[in-house]
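Presented below is the structure to which this report refers.
We use all heavy atoms of the structure for the numbers below, so side chains are in, but hydrogens, waters and symmetry mates are not.
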Amino acid sequence: MSKKSRPSLIKLFLREALLVAKDHSLLLTLLIAPLLYAFFYGSIYINKEEENVKLAVVDDDQSRLSRLLQQNIDNSPMVELIHFPNLEAAKEYMYQGDCQGYFYIPKGTQTNLLSLKQSNVLLAVNAARFLPSSDLLASVQQICLTIGAGVRLQYFEKTEGLSTAMAMQNVMPINLDYRSLFNERSSYGAFLLPALLALILQQTLLIGLSESVAGERQHGTFKEWLGGGVSTAIWGKGLFYLFVFGAYGFFFLNVNFKLLDLPMRGSGFQLGVLLFVLLLTLIPMAQFIGSLFKSQLLCLQIMAFSTYPIFLITGYTWPFESLPLVVQWVSMLLPTTPFIKVYTAIVQSGASLTSMMGPMLHLLLLWLFYSSICYMRFRKLRFS
């Protein structure tokens, strides 16, 4: 092929744009899926905290303390109490799915507590729905502990004749000062959504670009695409995805973050640099993966099922150190692992790139690694 007829980066960019426009599978993956998934999954946690969760209550104690306990629980914006005359009716109401749990105050609760004897109340929650059950448990537990401490404080003041300060030391010898630094509301949605948006960006790019490369092999246009040189082919096709997903990243950070009320404590410029490096790493990685397939459909099916395993082994859902050693090594080969560390540090705690040089260097090394193996793989296929 003469130098004049060799495709340039711009020509390969336009070639890929036409290819995507003609391929309905690529069009759906690249232009519809990112926005659809971002708004669909984001809408699930748009409120982030539960409100007015129905809780059945049965009061067999009928004391001043039990009424105070119910009043404080009912005053919580998260709980809506529904009163029942007996425990069996409350259980049945929960089993029917009409409430998320039941709260039982047995007879003698106030008498036992005032005499400093062990006094138990029963809270049963329906764990079929994660957010209501966990928020309900935390809210009711905190109220019970607070009221119990208040009763013991009054006992020491009136019965033992202690001052308020001395009575407080007996009630709470260790005072826990709990302050949430970054996720002030301890919201599961605020924790999950930033990483989820990044995962959607990554996976749609990986699926779409690998599917495009597999399509080149399936339709016999692979060597034609590589006619202008391996590096030109890689980055000519990749330039289209860099442009499209760079725009998606900008859209997510400026639109989705505001609509979902997510915190953004770091520098937008530094976050943009981080996203740029991630996209540069994902482009050769996706093309290398796509070159392993001769069927576009098979590539799509396998890559689609990779989303959850990738998310689970990045160290975001549970500590990275608790993963098996083999899984840790696999995780270290994924750009998601160092990216998530830097990304969440910038978004949630306002960190800078200079303070996260370890993960940044890791991400840059993965870019060199995937660029190298992609180049060698394409050279082998070109001359085979």
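- Cation-pi contact between Lys341 and Phe320: present, with separation from the ring centre below 6.0 Å and deviation from the ring axis of at most 45°.
- Checked by atom type, the side-chain pair Gln70/His83 shows a donor-acceptor distance below 3.5 Å.
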Between Phe240 and Leu209, is a side-chain contact (heavy atoms from CB on, under 4.5 Å) present by the stated rule, with each step listed?
CA-CA 10 Å; Phe240 174 80; Leu209 183 48; over 6 Å; no
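- Considering all non-hydrogen atoms of both residues, Pro284 and Leu280 come closest at CD-O, 2.8 Å.
- Linking Ile, Leu, Val, Met, Phe, Trp and Tyr whenever their side-chain heavy atoms come within less than 4.5 Å puts Tyr241 and Ile10 in one cluster.
- Leu12 pairs in a side chain to side chain contact (heavy atoms under 4.5 Å, CB included) with only one of the listed residues (Ile234, Leu239, Thr232), which is Thr232.
- Judged purely by atom type and a 3.5 angstrom limit, Thr344 uses its side chain to pair as donor or acceptor with the backbone of Ile340.
- Here the OG1 atom belonging to Thr29 is positioned 12.0 Å from the CG atom belonging to Leu206, to the nearest 0.5 angstrom.
- Under the 4.5 Å side-chain heavy-atom criterion for grouping Ile, Leu, Val, Met, Phe, Trp and Tyr, Leu279 is connected to Val273 within one hydrophobic cluster.
- The pair Glu80-Lys54 does not meet the salt-bridge criterion, since no charged nitrogen lies less than 4.0 angstrom from a carboxylate oxygen.
- Using modelled atom types and a 3.5 Å distance limit, the side chains of Glu211 and Ser25 yield a donor-acceptor pair.
- Rounded to the nearest 0.5 Å, atoms CG (Leu201) and CZ (Phe251) are 12.5 Å apart.
- Under the 4.5 Å side-chain criterion, counting only non-hydrogen atoms from C-beta, Gln296 is in contact with Asp23.
- Ring centroids of Phe288 and Phe378 are separated by 6.0 Å or more, keeping the two rings apart.
- Between Tyr93 and Tyr102, the ring center distance fails the sub-6.0 Å criterion.
- For the pair Phe222 and Val213, the minimum side-chain heavy-atom distance is below 4.5 Å.
- Contact annotation: the side chain of Ser291 approaches that of Leu381 to within less than 4.5 Å [non-hydrogen atoms, C-beta and beyond].
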Ile302 and Phe293: CA distance, side-chain angles, deciding distance, side-chain contact (heavy atoms from CB on, under 4.5 Å) verdict
CA-CA 10 Å; Ile302 292 179; Phe293 298 91; 3.4 Å; yes
Passes side-chain contact (heavy atoms from CB on, under 4.5 Å), Val342 versus Ile346? Steps please.
CA-CA 6 Å; Val342 185; Ile346 293 176; 3.9 Å; yes
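- Here the closest heavy-atom approach between residue Pro335 and residue Met285 is recorded as CD-SD, 3.5 Å.
- Not one N or O on the side chain of Gln218 forms a donor-acceptor pair closer than 3.5 Å with the backbone of Ser295.
- Annotation: Trp235 is not in aromatic contact with Phe13 [ring centroid separation under 6.0 Å not met].
- Around CE of Met332, the count of heavy atoms belonging to other residues, nucleotides or ligands within 6.0 Å does not exceed 12.
- The backbone N or O of Gly358 sits nowhere less than 3.5 Å from a side-chain atom of His362 that would complete a donor-acceptor pair.
- Thr314 places a side-chain N or O within 3.5 Å of a backbone atom of Phe311 that can act as its donor or acceptor partner.
- Atom CZ of Phe84 has more than 12 heavy atoms from other residues, nucleotides or ligands within 6.0 Å.
- With hydrogens and angles disregarded, no donor-acceptor distance shorter than 3.5 Å links the side chain of Thr204 to the backbone of Pro34.
- Between the side chain of Asn72 and the main chain of Leu68, a donor-acceptor pair closer than 3.5 Å is present.
- Centroid-to-centroid, the aromatic rings of Tyr248 and Phe245 come within less than 6.0 Å.
- Within the 4.5 Å cutoff, the side chain of Lys11 has no heavy atoms near those of the Leu14 side chain.
- The CG atom of Asn256 sits 8.5 Å away from atom CD1 of Ile200, with the distance rounded to the nearest 0.5 Å.
- When each of Ile82, Asp74, Leu81 is paired with Leu55, the side chain to side chain contact (heavy atoms under 4.5 Å, CB included) condition holds for Leu81 and for no other.
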Test Leu292 against Arg377 for side-chain contact (heavy atoms from CB on, under 4.5 Å), laying out the working first.
CA-CA 9 Å; Leu292 302 176; Arg377 171 68 177 168; 4.1 Å; yes
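- Considering every non-hydrogen atom in both Ile313 and Ser331, the closest pair reads O-OG, 2.6 Å.
- Enclosure of atom CZ in Phe39 by more than 12 non-hydrogen atoms of other residues, nucleotides or ligands within 6.0 angstrom is indicated.
- The hydrophobic cluster containing Leu65 also contains Val140, counting ILVMFWY residues as joined when their side-chain heavy atoms lie under 4.5 angstrom apart, directly or transitively.
- The SG atom of Cys374 sits 13.0 Å away from the CZ atom of Arg379 when rounded to the nearest 0.5 Å.
- With values rounded to the nearest 0.5 angstrom, Lys107 atom NZ is found 8.5 Å from Asp60 atom CG.
- Atom NZ of Lys294 has 12 or fewer neighbouring heavy atoms from other residues, nucleotides or ligands inside a 6.0 Å radius.
- Remark: Leu253 CG to Leu271 CG distance equals 5.0 Å, nearest 0.5 Å.
- Residues Arg15 and Thr221 are in side-chain contact: their nearest non-hydrogen atoms beyond the backbone lie under 4.5 Å apart.
- The nearest pair of heavy atoms linking Thr336 to Ile310 is OG1-CG2, 3.7 Å.
- Looking at Gln110 and Ser66, their side chains never bring a donor and an acceptor atom within 3.5 Å of each other.
- Between Thr281 and Leu366, the shortest heavy-atom distance links the atoms CG2-C, 3.8 Å.
- At a threshold of 4.5 Å between non-hydrogen side-chain atoms, the residues Phe252 and Leu35 count as touching.
- Both Val277 and Leu333 are assigned to one and the same hydrophobic cluster, defined by single-linkage of ILVMFWY side chains at heavy-atom distances under 4.5 Å.
- If you check the side chains of Ser306 and Gln203, you find a donor sitting under 3.5 Å from an acceptor.
- By the 4.5 Å heavy-atom criterion applied to side chains, Gln348 and Pro194 are counted as neighbours.
- Side chain of Asn112 to main chain of Gly108: a donor-acceptor pair is present (N/O by atom type, distance under 3.5 Å, no hydrogens or angles).
- Using cut-offs of 30° and 60° for the angle between ring planes, the Phe339 and Tyr343 rings count as parallel.
- Classification of Glu216 and Lys237 as a salt-bridged pair holds, one side-chain N sitting under 4.0 Å from a carboxylate O.
- Under the 4.5 Å side-chain heavy-atom criterion for grouping Ile, Leu, Val, Met, Phe, Trp and Tyr, Tyr104 is not connected to Leu123 through any hydrophobic cluster.
- Using a distance-only test at 3.5 Å, with no hydrogens or angles considered, a donor-acceptor pair links the side chain of Ser372 to the main chain of Leu368.
- When all heavy atoms are compared, the tightest approach of Arg265 to Ser349 is CB-C, 4.3 Å.
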